[in-house]
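For reference, the structure discussed in these notes is given below.
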Protein chains: 2
Amino acid sequence: MATMSDQTSDQTSDDVRDPDLVAVQEGPEAASELTRPAGLDREKILQAAIDFIDEEGLAALTMRRLGSSLGVEAMALYRYVPGREDLLDGVVDRVVETLWDDEDGDDVYIGDHSGWQDYLVRLAHGMRRIALAHPAVFPLVASRPPAAPWVRPPLRSLRLVESFLGTLHDGGFSDQAAVAAYRAYSSFLLGHLLLEVTQIGAQVSLLDQPEGDPQAQRETDLAEYPSLARAEPLLGQDKSAAEFEESLENLLDRLERVLHEAKNSGGDVGDL
Amino acid sequence: MATMSDQTSDQTSDDVRDPDLVAVQEGPEAASELTRPAGLDREKILQAAIDFIDEEGLAALTMRRLGSSLGVEAMALYRYVPGREDLLDGVVDRVVETLWDDEDGDDVYIGDHSGWQDYLVRLAHGMRRIALAHPAVFPLVASRPPAAPWVRPPLRSLRLVESFLGTLHDGGFSDQAAVAAYRAYSSFLLGHLLLEVTQIGAQVSLLDQPEGDPQAQRETDLAEYPSLARAEPLLGQDKSAAEFEESLENLLDRLERVLHEAKNSGGDVGDL
DNA sequence: TTGCTCCCGTTTACGGCGTAAACGGTCGGG
DNA sequence: CCCGACCGTTTACGCCGTAAACGGGAGCAA
């Protein structure tokens with residue numbers, strides 16, 4: 001079962017050293033960064049780890065293999081990364097940071113929004129973009145121990161939580177209501193996105209497992225589960241995007257209701 | 001920070017060998033299960049693994065250590081369990097099975113309910129009981145690849161999904177509406193419970209890490225995050241139970257609304 | 001009783017893992 | 001011209017999962 005190939009690190013022993021002078025001289029050798037990315041640094045290592053996980057899966061990531069994907073021995077990584085655990089933390093940080101990348105023009109630049117509803121929608125879409133771009137990394141975002149107990153994945157940075165609470169506060173939420181909204185929102189995001197990437201992963205892993213005759217097996221399996229059998233075609237359909245929007249809208253409605261009730265009654269309703 | 005302790009396996013090397021001869025006669029076997037549970041079987045191994053994870057954490061579980069917690073060498077386990085991965089799958093199955101244990105008299109016996117709302121409430125409470133009883137195991141329930149792509153954690157068994165869909169069908173849901181409810185419900189459960197056990201785990205791991213002067217550190221950290229600093233006491237409070245009930249009620253309201261709209265209009269509203 | 005056979009835990013062994021420590025080559029600056 | 005700093009390599013260690021061979025006790029047939 002999926003025996004890992006032995007992966008001897010070949011062809012790396014006689015490549016061109018001297019990487020950070022490449023651009024300086026430009027005379028002796030300049031093209032070496034096609035075979036190897038021209039010299040290590042922390043960012044390159046983290047990006048390589050993300051790519052590796054996307055392609056081979058989280059379980060396949062080892063220091064030795066990551067090193068050899070960079071054309072380097074495992075121990076070389078330790079000059080830039082304290083160890084494997086910290087590497088994984090760095091991967092999570094780096095992936096979450098892409099929230100602020102304004103790559104699609106206006107899709108998710110959460111620093112520039114109009115109103116808290118808009119902010120929450122953009123933030124949700126941004127996190128979903130990240131999850132779908134790196135479905136094998138996202139479980140890490142979800143499960144790595146957070147910096148503080150009240151940092152709730154997938155909203156993993158102080159900066160993010162600050163902007164969340166600040167935006168809601170500006171929108172008229174009391175501190176209690178903002179915190180309650182933060183918790184409801186993070187639960188919603190985590191549940192939806194984790195299940196969505198789980199489903200992607202499951203489908204992928206099914207594809208490279210022909211496994212005899214799955215048709216017959218499924219049918220016999222479902223023989224004693226009538227409701228399941230009837231719903232099976234529906235269960236196979238992927239409506240994740242629509243359901244995500246629907247749930248998000250529902251959450252926003254709920255928050256809006258709470259906000260207005262609190263305003264109109266002046267009561268102690270901040271609990272959501 | 002949070003370096004995993006190196007965890008040398010101490011004090012285990014010279015324990016009592018030959019344990020199953022301790023009380024051999026006196027009836028074939030009766031009292032020896034105080035020192036060792038009298039002989040291995042799959043169930044005993046799975047239960048030992050659950051206990052081990054609860055006490056030492058998932059990362060600490062190795063075949064050797066699990067074996068020695070049973071007074072046995074690692075290889076002995078392989079007679080009853082195909083390997084480590086299957087062991088973890090077994091752990092998940094066994095933990096989820098306790099849903100049907102009628103231990104508290106009437107708390108969560110989901111086989112005996114009145115109406116789909118009652119069923120969903122009991123099921124939610126049952127899953128939450130499991131999550132809180134085994135907070136270190138629950139991430140495994142959430143993240144192990146499911147049997148089929150449409151098995152959505154934490155509702156992990158065909159039997160469970162069948163009873164879910166069947167109950168909603170009996171309650172008047174169309175197949176589409178039942179499936180949509182299944183997805184919304186599983187997202188809700190997973191998000192809430194995973195975040196609740198994450199928070200428990202984070203608090204625990206903070207306790208055994210005095211780590212200098214956390215007070216000063218926290219204050220400096222939050223200096224540039226005004227909203228966060230103001231909300232910090234609120235963020236520390238644990239209102240998980242109330243929030244869980246609130247969100248659950250909201251979800252049920254939403255489902256009920258969808259159900260009635262579909263009934264009254266006869267329209268194609270099954271999408272939730 | 002003897003001896004066989006199966007059951008079941010142990011021993012041994014292997015390759016891979018994370019990583020500490022020592023090493024060596026190749027720079028730029030005195 | 002040399003020297004120290006930088007940076008990737010080599011070597012080594014203990015732990016991991018697990019394949020394979022081993023051994024001893026229980027049950028049973030003769």
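Each chain gets a letter, A, B and so on, in the order its sequence line appears, and its residues count up from 1.
- Rounded to a whole Å, the OH atom of B:Y80 is 11 Å from the P atom of C:dC7.
- Taking atom CG on A:L70 and atom C1' on D:dC7, their separation rounds to 15 Å, with Å as the unit.
- Rounded to whole Å, atom P of D:dG23 lies 16 Å from atom CD of B:E73.
- Taking atom CG on A:D41 and atom C1' on D:dC6, their separation rounds to 15 Å, with Å as the unit.
- The distance from atom NZ of A:K44 to atom P of D:dC7 is 12 Å, rounded to the nearest whole Å.
- For B:F164 and B:Y185, the ring centers sit closer than 6.0 Å to each other.
- The existence of a salt bridge linking B:R156 and B:E97 is excluded, since no basic side-chain nitrogen approaches an acidic carboxylate oxygen closer than 4.0 Å.
- The pair A:E43-A:R94 counts as a salt bridge, with a side-chain nitrogen and a carboxylate oxygen less than 4.0 angstrom apart.
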Between protein and nucleotides 18-25 of chain C, what N or O pairs are separated by less than 3.5 Å?
unit_1	atom_1	unit_2	atom_2	d
C:dG18	OP1	A:M63	N	3.3
C:dG18	OP1	A:R84	NE	3.2
C:dG18	OP2	A:M63	N	2.9
C:dG18	N7	A:R64	NH1	2.4
C:dG18	O6	A:R64	NH2	3.3
C:dT19	OP2	A:Y78	OH	2.8
C:dT19	OP2	A:R84	N	2.8
C:dT19	O5'	A:Y78	OH	3.4

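- Salt-bridge check for A:R128 with A:E196: passed, with a basic side-chain N closer than 4.0 Å to an acidic carboxylate O.
- At least one donor-acceptor pair under 3.5 Å links the side chain of A:Y182 to the backbone N or O of A:R152.
- Remark: the backbone N or O of B:V81 is not paired with any side-chain donor or acceptor of B:R42 at under 3.5 angstrom.
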